[in-house]
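Note sheet for the following structure.
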Amino acid sequence: QLRLVESGGGYVQPGGSLRLACAGSGFTLDYYAYDIHWFRHAPGKARVGVACITNRVGSTNYAVSVEGRFTISRDDAKTTVYLQMNNLKLEDTGAYFCAANGHSSYPCEVDRAAMDYWGQGTEVTVSY
């Protein structure tokens, strides 16, 4: 099966940056048959979608709260999707999960909850 492994989380002060990676194991063609989404599960809150990228030309979509600060991209050769997070805020704190959706949308639906595969998450803490 497709495996998704997140990395890159950590502690950062407000205004700092992190780059998360979602590495997919398996055939490249299989990996890019799926839209890839990033979700955040903050303490005491429901899980929310923050960004997504489609399986074809790579069109993207973002939650309003991260527009202009986060950028999702992919590396075909490495079968990896990245989430560059700049100007981090306290409210960006949470466990970040990547997920694969085989039912593609154009653009991808950042609020879609139904996913086919999930990673185990990486923790992001924005604090002083």
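Worth saying up front: this structure is predicted, and the values here are computed from it rather than measured.
Taking Ile, Leu, Val, Met, Phe, Trp and Tyr as hydrophobic and joining them when side-chain heavy atoms fall under 4.5 Å apart, one finds M115 in a cluster with F39, F97, W118.
Residues D35 and C52 form no side-chain contact, since every pair of their non-hydrogen atoms from C-beta on lies 4.5 Å or further apart. Counting heavy atoms from C-beta outward, S17 and M85 have side chains that stay 4.5 Å or more apart.
When the salt bridge (charged side-chain N to carboxylate O under 4.0 Å, His left out) test is applied to R19, no partner is found at least two apart in sequence or on another chain. Taking the side-chain contact (heavy atoms from CB on, under 4.5 Å) definition, one finds that Q13 meets it with nothing, sequence neighbours left out. Take S105 and apply the side-chain contact (heavy atoms from CB on, under 4.5 Å) test, not counting sequence neighbours, and it matches E109. The side chain to side chain donor-acceptor pair (under 3.5 Å) test applied to S7 returns no partner, not counting sequence neighbours.
A donor-acceptor contact under 3.5 angstrom links the side chains of Y106 and N55, judged on distance only. No side-chain donor from either of T80 and D75 sits under 3.5 Å from a side-chain acceptor of the other.
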Exercise for the section: Test side chain to side chain donor-acceptor pair (under 3.5 Å) on T54 and S104 and set out the steps. Expected result: CA-CA 7 Å; T54 62; S104 182; 5.6 Å; no
Exercise for the section: Would you sort out whether W38 and C22 count as a side-chain contact (heavy atoms from CB on, under 4.5 Å), showing the intermediate values? Expected result: CA-CA 9 Å; W38 283 98; C22 175; 3.6 Å; yes
Practice task
Report the C-alpha separation of N101 and R112 in whole Å, then their side-chain angles, then the decisive distance to 0.1 Å, and conclude whether the side-chain contact (heavy atoms from CB on, under 4.5 Å) test is met.
Solution key: CA-CA 9 Å; N101 169 33; R112 180 181 175 88; 3.3 Å; yes
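The distance from the NE2 atom of H37 to the SG atom of C108 is 5.0 Å, given to the nearest 0.5 Å. To the nearest 0.5 Å, atoms CZ (R3) and OH (Y117) are separated by 12.5 Å. Between the OG1 atom of T71 and the CG atom of N86 there is a distance of 6.5 Å, given to the nearest 0.5 Å. Rounded to the nearest 0.5 angstrom, Y34 OH and D116 CG are separated by 5.5 Å. The OG1 atom of T60 lies 14.0 Å from the CZ atom of F70; values are rounded to the nearest 0.5 Å.
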Could you go through residues 121-128 and list every donor-acceptor pair under 3.5 Å that involves a side-chain atom there, pairing it with any protein atom two or more places apart or in another chain?
unit_1	atom_1	unit_2	atom_2	d
T122	OG1	G9	N	3.1

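Side chain of R40 to main chain of A42: no donor-acceptor pair is present (N/O by atom type, distance under 3.5 Å, no hydrogens or angles). Without hydrogens or angle criteria, Y62 side chain to I72 main chain gives a donor-acceptor distance under 3.5 Å.
Salt bridge present: D92 and R69 bring a charged side-chain N and a carboxylate O closer than 4.0 Å.
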